[in-house]
Amino acid sequence: MPLEIVILAAGQGTRMRSSLPKILHKIGDRTLLEHVYALATRLCPDKITVIYGHGGETVLKSLEHLKVIWVEQKEQLGTGHAVMQVADDIDEARTVLILYGDVPLLGDETVEKLIPLAEADQMGLLTVDLADPYGYGRIVRDSSGRVVRIVEEKDATPEERKISEVNTGILAIKGRHLKTWLSRLENNNAQREYYLTDVIAMAVADDVRVETVQPHDPDEVLGVNNREQLAHLERVFQRRVAEDLMRNGVTLRDPSRFDVRGEIESIGRDVEIDINVILEGRIKLGDNVRIGANCVIKDSQIANDVEILPNCVIEDAAIGQGCRIGPFARIRPETRIEDHVHIGNFVEVKKSAIASRSKVNHLSYIGDTIIGRDVNVGAGTITCNYDGANKHQTVIEDGAFIGSDTQLVAPVRVGKNATIGAGATVTKDAPENALTLSRANQVTIEGWQRPTKKRS
Ligand code: UD1
Ligand code: CA
């Protein structure tokens with residue numbers, strides 16, 4: 001049956017104490033509204049409308065990629081008033097589902113239980129039992145247990161305030177009914193607002209049955225009003241991602257100290273991830289990948305049997321099978337590393353290609369460089385790729401051996417199986433199969449005396 005979704009997102013979010021509109025705060029790498037949008041699109045509706053208000057310009061600009069109809073609610077006169085903004089456009093034959101831009105973790109299964117109720121010409125209302133219902137609208141039932149109305153905290157009697165079943169605000173109803181009831185809403189209540197919740201009593205009066213559904217997990221219906229709640233839902237979200245990975249055969253040494261801010265496009269078997277690892281952007285991990293503590297990996301592909309030791313930062317890189325990276329390595333964008341390469345501690349690699357079995361084990365900078373197979377780059381080697389204006393390339397061919405503390409002043413080429421003596425400053429191409437040195441001859445001055453301190 002045709003469905004349309006209205007997402008209420010005009011509220012100010014004062015308690016966030018932020019210059020950013022509330023719905024633009026993030027969980028994982030997505031804004032709150034994008035989480036709700038993702039759920040909405042999975043339900044394949046004919047139409048998604050977002051009612052926005054506060055920070056309108058910023059919201060529209062940041063979220064212009066969403067395929068929704070944006071409707072502005074200039075003044076926030078209540079949840080009923082928000083839906084009234086689209087009353088004229090509601091299709092009578094469609095089911096209308098009301099969602100909230102600041103309730104990001106609602107589960108598909110939960111909403112999927114609400115929609116058929118509306119399709120059967122009832123009202124589907126999502127409620128939850130809370131130990132502390134303070135602040136929420138309470139669900140008032142009659143002696144036979146039927147819902148009769150919702151009463152807001154500020155309008156409730158002390159007796160009603162004791163009710164622990166609360167309104168989540170999420171509901172599904174036929175457009176035909178919603179249109180009629182919206183036209184009858186009034187604001188004669190404690191807050192002088194148009195309450196969407198008043199449609200419940202109208203449904204009862206019109207003999208439309210109100211059926212409630214409870215979420216599978218109460219965290220699903222939690223909204224974000226302040227940064228504590230944002231942090232809580234971030235953990236709930238991360239926990240879900242972590243559990244999903246563990247079910248798929250990933251070992252997380254501590255799922256509460258693991259974060260995904262993006263999408264894991266594929267992940268192999270027996271991957272082991274130590275604590276405080278952050279995976280960002282689009283990530284592919286092969287089988288038996290081991291990631292040590294405190295690594296940040298972004299937009300990268302890591303092949304089978306790679307070991308990443310603690311404290312590495314890897315971005316926009318492809319790392320081949322059986323490589324060993326780190327500890328304390330930084331792999332920067334546009335780096336392609338083939339199989340069984342070793343990148344050691346305090347090595348920075350940028351925009352470079354390193355072929356199989358080569359080693360850069362200690363304290364080096366490799367930038368704009370092509371390294372062949374079986375190359376050994378000694379400790380402290382620097383590719384001098386930047387002349388202050390332009391970047392230049394270094395090429396090190398297969399089997400070359402670069403002595404420690406060498407500077408390769410690009411553009412420069414080191415030939416196949418060439419050897420560079422330690423401490424060289426290589427400014428011209430080094431021929432293959434030869435030893436190249438750039439080093440003053442060592443001298444010893446016999447009988448030389450160290451200076452001594454002058455007496456005053
Ligand atoms: C509302 C419900 C209450 C429920 C609670 C759940 C009403 C009258 N009350 O409370 O029963 O327990 O949600 O959190 O509906 N919004 C607009 N425009 C407005 C007002 C609100 O878009 O003019 C949006 C807000 O951005 C927010 C949502 O509606 O996403 C709820 O608004 P909020 O003020 O937090 O809810 P309450 O009215 O306190
Ligand atoms: Ca609220």
Side-chain angles (χ1 to χ4, degrees), residues 5-16 18 20-25 31-33 35-37 40 49-56 59 68 70-87 97-106 123 125-130 132-140 147-156 160-161 163-171 173 178 181-182 185-203 210 212 214-215 218-226 229-230 233:
I5 296 175
V6 179
I7 303 174
L8 304 196
Q12 188 163 13
T14 322
R15 282 178 286 158
M16 294 297 284
S18 175
L20 195 66
K22 178 163 77 175
I23 52 169
L24 294 183
H25 283 264
T31 62
L32 298 180
L33 189 66
H35 281 275
V36 182
Y37 175 76
T49 308
V50 178
I51 313 290
Y52 73 99
H54 277 276
V59 171
V68 302
W70 296 97
V71 173
E72 189 179 11
Q73 184 193 18
K74 290 205 176 71
E75 267 185 300
Q76 281 77 53
L77 304 179
T79 49
H81 182 257
V83 184
M84 280 155 75
Q85 307 307 304
V86 293
L97 173 69
I98 307 286
L99 300 176
Y100 295 81
D102 57 358
V103 180
L105 300 186
L106 189 62
M123 172 175 288
L125 181 66
L126 189 63
T127 69
V128 66
D129 284 304
L130 293 183
D132 177 14
Y134 178 80
Y136 289 90
R138 309 295 206 285
I139 308 296
V140 183
V147 175
V148 288
R149 62 193 172 95
I150 295 178
V151 62
E152 294 303 303
E153 174 81 32
K154 287 182 180 146
D155 303 294
E160 287 167 337
R161 286 188 184 143
I163 301 171
S164 62
E165 187 187 8
V166 306
N167 174 34
T168 65
I170 295 153
L171 59 87
I173 184 68
L178 186 59
W181 299 332
L182 286 174
L185 283 185
E186 288 176 33
N187 66 347
N188 48 4
N189 52 53
Q191 304 186 79
R192 296 262 137 233
E193 282 185 6
Y194 295 90
Y195 290 167
L196 180 61
T197 45
D198 285 351
V199 302
I200 308 310
M202 294 178 189
V210 180
T212 57
Q214 294 238 338
D219 285 330
E220 283 183 37
V221 297
L222 292 184
V224 174
N225 293 303
N226 57 41
Q229 290 168 337
L230 183 70
L233 288 185

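Remember, predicted model here, so these are calculated numbers, not experimental data. Both counts, for ligands and for their atoms, begin at 1 and track the order of listing.
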(message) Would Glu193 count as a polar contact of ligand 1, with the cut-off being nitrogen or oxygen pairs under 3.5 Å?
(response) no

(request) Please state which part of Lys22 comes within less than 4.0 Å of ligand 1, counting heavy atoms only: side chain, backbone, both or neither. (result) neither

(message) Checking side-chain contact (heavy atoms from CB on, under 4.5 Å) between Val221 and each of Thr127, Leu106, Leu105, which is the one that passes?
(response) Leu106

(message) How close do Asn226 and Gln229 get, counting heavy atoms only, and between which atoms?
(response) OD1-N, 2.8 Å

(request) Locate the shortest heavy-atom distance separating Arg149 from Ala201; write the atom from each residue and the value. (result) CB-CB, 3.9 Å

(message) Evaluate Asn225 against Met16 for side chain to side chain contact (heavy atoms under 4.5 Å, CB included), listing each step before the verdict.
(response) CA-CA 6 Å; Asn225 293 303; Met16 294 297 284; over 6 Å; no

(message) Taking distance alone, with N or O pairs closer than 3.5 Å, would you say Glu75 contacts ligand 1?
(response) no

(message) Taking only non-hydrogen atoms of Val166, do any sit less than 4.0 angstrom from ligand 1?
(response) no

(message) If I apply the N/O under 3.5 Å rule, does Ala10 come out as touching ligand 1?
(response) yes

(request) Can you see which heavy atom on Tyr195 is nearest to which on Glu152, and at what distance? (result) CE1-CG, 3.4 Å

(request) Could you tell me whether the side chain of Glu193 reaches within less than 4.5 Å of the side chain of Asn187, counting heavy atoms only? (result) no

(request) Consider ligand 1: state whether an atom of it lies below 4.0 angstrom from any non-hydrogen atom of Ala9. (result) yes

(request) Compare Ala82, Gly11, Gly78 and give the one whose heavy atom is closest to atom 20 (C) of ligand 1. (result) Gly78

(message) Quick check: Thr197 and ligand 1, any N/O pair under 3.5 Å apart?
(response) no

(request) Before signing off on this row, confirm whether Gly135 and ligand 1 have an N or O atom pair separated by under 3.5 Å. (result) no

(request) Would you name the heavy atoms of His54 and Pro21 that are closest together and state the gap between them? (result) O-CB, 4.0 Å

(request) Grab the two heavy atoms, one from Val103 and one from Gly223, that are nearest each other, plus how far apart they are. (result) CG2-CA, 4.0 Å

(message) Once you restrict to heavy atoms under 4.0 Å, what part of Tyr100 touches ligand 1? Side chain, backbone, both or neither.
(response) side chain

(message) Quick check on Ile51 - does any of its heavy atoms sit under 4.0 Å from an atom of ligand 1?
(response) no

(request) List every atom of ligand 1 that sits less than 4.0 Å from any heavy atom of Glu152, numbering the atoms from 1 in the order shown and giving each element. (result) 2 (C), 3 (C), 7 (C), 8 (C), 9 (N), 10 (O), 11 (O)

(request) Run down the list His81, Gln85, Lys154, Gln73 and name the one with the heavy atom closest to atom 17 (C) of ligand 1. (result) Gln73

(request) Please report the closest heavy-atom contact between Thr31 and Leu24, naming both atoms and the distance. (result) CG2-O, 3.5 Å

